[in-house]
Amino acid sequence: MSDDQPTTSSPAASDQAGSAASRVPDKVSLDGLEDRWNAAWTADRTYSFDRTASRARVYSIDTPPPTVSGSLHVGHVFSFTHTDVDARYRRMSGREVFYPMGWDDNGLPTERRVQNYFGVRCDPSLPYDPDLTPPQVGGDGKSGKAADQLPVSRRNFIELCERLTIEDEREFESLFRYLGLSVDWDHHYQTISAESRAVAQQAFLRNLARGEAYQAEAPGLWDVTFQTAVAQAELEARDYPGAFHRVAFHPASGTAGGDGAAGGAAAPVVIETTRPELIPAVVALVAHPDDERYQHLFGTTVRSPLFGVEVPVLAHPLAEPDKGAGIAMCCTFGDLTDVQWWRELQLPTRSVIGRDGRLVRETPAWLTAEAGASPSAAGLWPQLAGKTTFSARAAVVDALRASGDLDGEPVSTQRKANFYERGDKPLEIVTSRQWYIRNGGRDAGLRDELLARGKELAFHPDFMRVRYENWVGGLNGDWLISRQRFFGVPFPVWYPVDADGEVDHDAPILPTEDQLPVDPSADVPPGYTAEQRGVAGGFVGDPDVMDTWATSSLTPHIAGGWRTDPDLFARVFPMDLRPQGHDIIRTWLFSTVLRAHLEHGSLPWGNAALSGWILDPDRKKMSKSKGNVVTPRGLLEEHGTDAVRYWAASARLGTDAAFEVGQMKIGRRLAIKVLNASKFALSFGGDDGLAIDPALVTEPLDRAMLAGLADVVERSTAAFESYETPRALEATETFFWSFCDDYLELVKDRAYGAGAVELSAATASARAALGLALETLLRLFAPVLPFATEEVWSWWKEGSVHRAPWPTSDGLRAAAGDADPGLLAAAGAALAALRKVKSEAKVSMRTEISRAELVVPADAVAAVTSAESDVRAAGRVTGELSLVAAPEGAETIEVRLADLVPAEPKAPEGPAAG
RNA sequence: GGGCCUGUAGCUCAGCUGGUCAGAGCGCCGCGCUUACACCGCGGAGGUCGCCGGUUCGAAACCGGCCGGGCCCACCA
């Protein structure tokens, strides 16, 4: 479209400096600027990080690594622009910006995509096959049944992941470059890389050595689909349909169950449950200690319906009298409250749900007659064994109905259930051996330390801190970091197998740090041979992998070279900024704070910038599917990158933003205006360009303009410093439009120096002011509009505007003297009043005024007078212009009288239209 | 149930610690090809600042209550 645009000299070869005038194109355009300047920035290494810079001068950013197997959407464009605008501001402010890029290619999304794409699945027990050829390439995964997938070793699987993600990463990089991110592409990382795995393992080993990591066999949340343990941070409460079942428990004979003990059957105890299939797992009935209805039952026992297992009736304050029947069935395990009762009341464990979410096959020991259960219990079990909780529930309900222990019919209800955020079945609670890292969830001292870290961290916006505090304060257990998945960073741990073939989990065999990364399923621990794997007297590798957050919580370490480049790490850590979404405060932000606190006794960064969501125009969170309809690339190409960046940069941190094409159009208009106004201003410079000499600025109007600009510089700088980009942008933008509409109009005749042979002082003043203003405005806009500003900069300056120093108000103030910015406003208002006359007379703005009388508020008379010749020129007042002081209280300038000179009839020119 | 954010012209939003604060842009209406820009310029119309109380000489802004929108925790009997 724009290939035939006259372009400036090749920026990479800008040594062929022509005169300024010759470098300004005849016709300006935004088209093609992205590719041209990206190429130049790459060639010139404009954003490369100078690693010799001292820590004090470095500004380091802990970039969020996007999930590359996910898709690109406008949310990426939005939040990454926020970070880039900040990075550009800091760089211009004299900081050496460490701005790496990372790719999150580790974890479940990649795992699934690779399975479907190549038709494989990971089986860590298999040996590495160096000549592996995947069964397919490019599968869509629609028929991705596990049975059809070729099992491959973990190393092979990781290699396939790397092979696939490298393509995704290329696409992301291309987009991010087109978006103008000032990333130093020499510093990028992958969370799947050997280095990242080594970092994760080393940090874990240190946690272990300090006693911060430990393993425990305990009941925990379990996803039956993925068959893995799940951490608190990965939970999502969702509505889930269920039904209350009223179920009768009968007082056990021989106990003093109620008043009827002497006579016939005592009254049954009726509980309500949504999970009758857990009746075989019941270990107690629990009511509140103060609940009068159940006082007489505490200390007695009852028998479960159908199975006849004798369980105690106990008191615990967590039981809520107004929930259900007020007395609850405690099972192992229906929910986290059950776990707490089980632990605190020291109840036995009777698990009936297996890791696949189905009821166990073998008849549980406590349901046999020998164990005291009713004789029919064992016969009932085969009807439940192997069933999903859903089918088992139906079977149990039928049996309850038949036995008469179901009181009334089930009443359906909508309840909340915990789900794994990626799962579609409610979580079960299963007992398993897992790794944990202490996070303050069961340690008030550590929790207080972490809360103190939260106070130390500068959140932008500040109110986001409460989310951190809510989360830390609400932790109910340590961080479960092990996952029963195959793909991920393995625990760098082996266990000895004793002579009887038993695995000794208490004496783990650990690698040294210089051996990392290790894969215990493939590598052999020191002192053993490969043949000893899995045999008595030998060893086994820990089969689990780490939670992805266990790796992601170390992004500062991965990006900063913690393991391999201590010199770099010392220059960038603790980092300055963590940009991220507010939805992952509880995961990414918190876990990173935790790891840094444990490893370094410090925060990982000083500032956290939280971006909001993109909302559809109808105010709903923009769904991925909708986001994909508008591809980021298409958006950038349609409107131009600067335009889209303008939209993103207009949104405050922490606040959701509407997806507004209108804002992008405004941004595009602004960027074009920057090009045009700059071209115009530079046209006054002649062959030597605009002289930048503050001493030449002598005219009151010029000084007033610069005084106003100095204010803008100060406001913009303050806003950027406090991460309030929109405020900075707005200040500059507002000034810029009045600069174009009023100041440029007022001074253009003077700046032309029309007719004069000698350069007058007034003309020189205008030109010097234009030069000062232009070079200031371009730098103020540069963080948001990197392409348009760089384009203009190249017309008359050497080097990149993005390496130019951020403007200060000092020089402007020196040129402005004690001028009042209000003078420009008053002159602009006078000009507007003259325009209004012409507008109302429906004549061209070019129409001359032979006589005019302006009514000016008393306090503005002096101002307008001092700019009178400019006002006359811009308003085309050829005759008398008189100023009249307005009555007290008047605030606007009005034209009392104006004589318009009718335009000459236009000479026909060229072929007549139509 | 606890907490946070938010409600200003048709739309998207500014209005910082109470006193030119009733604003900007878009959209709309009208005019205009002006030696930068028609991807433009100029002018205009548009709002009892969610509602009700209170504090104050004065509140869109502060306090209380209510209503609406969004989000985060907690909630599986």
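Letters A, B, ... are given to chains in the order of the sequence lines, protein chains preceding strands, and every chain is numbered from 1.
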- Message: Taking Glu730(A)'s backbone N and O only, do any of them form a donor-acceptor pair with Thr734(A)'s side chain (distance below 3.5 Å, no angle check)?
- Response: yes

- Item | Complement of C62(B), any strand, by Watson-Crick or G-U distances under 3.5 angstrom | G54(B)

- Donor-acceptor side-chain pairing of Glu272(A) and His245(A) below 3.5 angstrom: no

- Item | Listed nucleotide nearest any side-chain atom of Trp471(A), set C76(B), C73(B), A36(B) | C73(B)

- Looking at G44(B), does its base get a donor-acceptor pair with the side chain of Ser839(A) below 3.5 Å? no

- Whole-Å distance between U35(B) P and Asp749(A) CG? 11 Å

- Message: What verdict does the side-chain contact (heavy atoms from CB on, under 4.5 Å) test give for Ser650(A) and Leu729(A), after you've listed the backbone C-alpha separation in whole Å, the side-chain angles of each residue and the deciding distance to 0.1 Å?
- Response: CA-CA 7 Å; Ser650(A) 299; Leu729(A) 174 58; 3.8 Å; yes

- Testing Leu475(A), Leu336(A), Thr587(A), Asn439(A) for side-chain contact (heavy atoms from CB on, under 4.5 Å) with Gln232(A), which one passes? Leu475(A)

- Picking from U34(B), C13(B), C75(B), which would you name as closest to the side chain of Ala237(A)? C75(B)

- Item | Nearest-nucleotide pick for Arg586(A), side chain only, options being C73(B), A77(B), G41(B) | C73(B)

- Query: Between Lys673(A) and G41(B), does any side-chain N or O lie under 4.0 Å from OP1 or OP2?
  - Reply: yes

- Task: Could you tell me whether the phosphate oxygens of A36(B), OP1 or OP2, come under 4.0 Å of any side-chain nitrogen or oxygen in Ser678(A)?
- Result: no

- Message: Without decimals, in angstroms, what is the distance between Leu336(A) CG and C73(B) C1'?
- Response: 15 Å

- Message: What's the closest nucleotide to the side chain of Asn676(A) if the choices are C75(B), C11(B), C37(B)?
- Response: C37(B)

- Item | Nearest-angstrom distance from the residue atom CD1 of Ile672(A) to C1' of C37(B) | 9 Å

- Task: Rounded to the nearest angstrom, tell me the gap between atom CE in Met845(A) and atom C1' in C37(B).
- Result: 17 Å

- Task: Ignoring hydrogens and angles, answer whether the base of A14(B) and the side-chain atoms of Glu733(A) contain a donor-acceptor pair closer than 3.5 Å.
- Result: no

